[in-house]
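Working notes, structure below.
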Amino acid sequence: MSTRKIVTNTFYYGVIPKVTLLISVFTLPLTTPFLTPYDYGIVGIINSYTSILASIAPLGMNVHLTNAYYENPKHFNLVWGRVLFVFLLSGLFFGLVNIGIIYSSLPIKSFSGLFLALMGSAQVFLFANGTLAQHIFPLLERPKPLVFSNLLASVLGIVVSFVMIVYFNMGYWGLLASPTITSISTFLLFIYPIWIKRDIYPMVEKNMKRLKQNLKIALPIIPHTLGFVLLASSSRIIMNFYKVSIDDIGLFNHGYTLGEYILVITNALILALVPQIQVAYRNQNFAKYRHLYYLCQGVALVCTFLFCIWLPQGYELLIKNESLRQSCSIATMICFANIVFPFYFCATAPAFIQKKTVQLLWMVFVPGILNIILCLLFIPFFGYLAAVYTTMASYWSQILIPFVVPYYKETVPEWLGSKRKLLFLMVVLVCIVIVGNIISKFSIWIKVVMSLIIVTVAIKEYFKLKFNTLV
């Protein structure tokens, strides 16, 4: 794949899908005067439980999608059809469970609370088609059907949400309407391109022995995906458990949401490079694999740093609500927490390829448990601010896993070289956090000059290190 193709696919996966994100960002000055931390708190509680059930619902069976595509390219649709049937059944079951959990956790009861729980569970009920789409189109290197369908669904959600918040002053109902409408639209839009055009439709699994074998491989992925959710959501659940005010939870939720925006660029680049990363490792081309990691990690470092130093100006421009502007520091630290995502992806890809899914637990589930323990210890004393720093510490703990876990002691040096590079990365991360927080307080013109210098150096290094020849 040429550099032009990589840039084009990254544009499709990263820029076009996030047109809706840009719309959401630029509508913030219009919507935030009608919203309160309480509204974000209610939605934060709902999303925390929904994200946990949504991570469990696939039962880890998505691991068989990519593997079936490469291992049985002519008949992979049969495997995908059986997986789709499992997805639909598990979505129904866990969606009902999610309704019960949300309803019991909200301060709002009666029919209103039940309907909120139903809206919040749409993402669990209807995850199946979207999950298949996220796999099939990148593997086919055909981003357009994926990104434009998702774009349409997201725009519909944003429009409904905007009208409910601004014109009907419906607060958290409007915030929750966006993911609900998006989930329904996404499910419907992918029926034709997947079920009919690609001949991937629900097929009942009649071979129980095969199903048990597939689940044996897949189920260990649940703690892995759940670990990611625990990293992202456990803090809000624990704050709710400790009866932290809904307003404080809402402040944390608002900052966390904006802080995760930086993942747009990193995720888009990695998604565009998935075929190259898969082929490089499967062909034992560790030099190329290592340099693909360097490319992703370098982009993450530069983009996160620039995003964070300009975040205060972004808040001043977009957030027209003084109470919500307090979340700027939260957003900054969450940005830095997510900066290690490229390392996580490259470290765990071999486990997916080798079907050693049990090893995935170490990279995310253990940090997720660490975050829970730290939150339980410190939230009673420091409130929501404790959750900000425990989240960052838990994400960064992934860098230390190859020093203590035998599987990663073997596989990471295989493609990375020396594990001492991870210690260097940790030092770089600490320096970036300190320097970034200092520079964020500088004047605009100093930031402009520094940003131009950083971008210029980054582009020169891209060609100097011959990253363009790798992709």
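Because only heavy atoms are used, hydrogens play no part in the values below, and waters and symmetry mates are left out as well, while side chains stay in.
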Ser51 side-chain N/O to Ser48 backbone N/O, donor-acceptor pair under 3.5 Å = yes
Pairwise side-chain contact, Gln359 with Thr411, heavy-atom cut-off 4.5 Å (strictly under) | no
Would you confirm whether Ser185, through its side chain, and Thr182, through its main-chain N or O, come within 3.5 Å as a donor-acceptor pair?
-> no
Thr36 backbone acceptor or donor facing Asp39 side chain under 3.5 Å | yes
Report the relative orientation of the aromatic rings in Tyr294 and His291; use parallel for angles under 30°, tilted for 30 to 60°, perpendicular for over 60°.
-> perpendicular
Donor-acceptor pair, Trp396 side chain versus Phe336 backbone, under 3.5 Å?
-> yes
What's the spacing between Ile379 CD1 and Ser235 OG if we round to 0.5 Å?
-> 6.0 Å
Pairs where residues 27-64 contributes a residue and the test ring-ring contact (aromatic ring centres under 6.0 Å, His included) is met, not counting sequence neighbours = Tyr40-His254
Between the side chains of Asn371 and Ser234, is a donor N or O closer than 3.5 angstrom to an acceptor N or O?
-> yes
Where do Phe127 and Phe187 land on the ring-ring contact (aromatic ring centres under 6.0 Å, His included) test, with the steps shown first?
-> CA-CA 7 Å; Phe127 78 90; Phe187 184 87; 9.5 Å; no
Can you find a pair of side-chain heavy atoms, one from Ile45 and one from Met239, that are under 4.5 Å apart?
-> no
Do you see a donor-acceptor pair shorter than 3.5 Å between the side chains of Thr32 and Asn321?
-> no
Run the side chain to side chain contact (heavy atoms under 4.5 Å, CB included) check on Tyr395 and Ile339 step by step: do they pass?
-> CA-CA 9 Å; Tyr395 269 108; Ile339 205 170; over 6 Å; no
Hey, do the aromatic rings of Tyr293 and Trp415 have their centres closer than 6.0 Å?
-> yes
To the nearest 0.5 Å, what is the distance between OH (Tyr344) and CD1 (Ile399)?
-> 15.0 Å
In this structure, CG of Asn285 is separated from CD1 of Ile277 (nearest 0.5 Å) by 12.5 Å
Okay, side chain of Ser149, backbone of Leu146: is any donor-acceptor separation there less than 3.5 Å?
-> no
Do the side chains of Cys375 and Tyr242 get nearer than 4.5 Å, heavy atoms only?
-> no
Going from CG on Leu59 to CZ on Phe87, what distance comes out if it is rounded to the nearest 0.5 angstrom?
-> 8.0 Å
For the pair Ser440 (side chain) and Asn437 (backbone), establish whether a donor and an acceptor sit closer than 3.5 Å, ignoring hydrogens and angles.
-> yes
Tested for side chain to side chain contact (heavy atoms under 4.5 Å, CB included) against Tyr384, the lone hit among Asn253, Ile249, Asp248 is Asp248
Heavy-atom check, side chain of Leu139 versus side chain of Gln278, under 4.5 Å = no
Show the numbers, then the answer: is there a side chain to side chain donor-acceptor pair (under 3.5 Å) between Tyr281 and Gln354?
-> CA-CA 10 Å; Tyr281 192 86; Gln354 298 167 7; 3.0 Å; yes
Drop me the distance from Leu361's CG to Thr348's OG1, to the nearest 0.5 angstrom.
-> 12.0 Å
Any sub-3.5 Å donor-acceptor pair from Lys356's side-chain atoms to Ile353's backbone N or O?
-> no
Is Ser397 reaching over with its side chain to a backbone N or O of Ser394, donor-acceptor style, under 3.5 angstrom?
-> yes
Checking side chain to side chain contact (heavy atoms under 4.5 Å, CB included) for the pair Ser154/Ile23: CA distance, chi angles, key distance, verdict?
-> CA-CA 10 Å; Ser154 298; Ile23 296 173; over 6 Å; no
Tightest non-hydrogen contact, residues Thr332 and Cys308, listed as O-SG, 3.7 Å
Checking side chain to side chain contact (heavy atoms under 4.5 Å, CB included) for the pair Phe252/Val244: CA distance, chi angles, key distance, verdict?
-> CA-CA 11 Å; Phe252 177 84; Val244 173; over 6 Å; no
With a 4.5 Å heavy-atom cut-off, do Ile246 and Pro37 have their side chains touching?
-> no
Considering non-hydrogen atoms only, spot the tightest contact between Met119 and Thr180 and give its length.
-> O-OG1, 3.0 Å
If every non-hydrogen atom of Ala331 is compared with every non-hydrogen atom of Leu258, which pair is closest and at what distance?
-> CB-CB, 4.2 Å
Write down the atom of Val83, the atom of Leu65, and the distance for their closest heavy-atom approach.
-> CG1-CD2, 3.9 Å
Under the 3.5 angstrom rule, does the side chain of Arg325 hit a backbone N or O of Ile319 as a donor-acceptor pair?
-> yes
If we only count heavy atoms from C-beta on, is the Leu311 to Phe307 side-chain gap below 4.5 Å?
-> yes
Considering all heavy atoms of both residues, which atom of Pro342 and which atom of Cys296 are nearest to each other, and what is their separation?
-> CG-O, 3.7 Å
Verdict with reasoning, Tyr289 to Glu414, per side chain to side chain donor-acceptor pair (under 3.5 Å) | CA-CA 10 Å; Tyr289 192 87; Glu414 189 177 43; over 6 Å; no
Inspect the surroundings of CZ in Phe241 and state if more than 12 heavy atoms from other residues, nucleotides or ligands are less than 6.0 Å away.
-> no
Validation row: Leu30, Phe162 side chains within 4.5 angstrom (heavy atoms) | yes
Got a donor-acceptor contact below 3.5 angstrom from the Ser161 side chain to the Gly157 backbone?
-> no
To the nearest 0.5 Å, tell me how far Leu53 CG sits from Ile102 CD1.
-> 7.5 Å
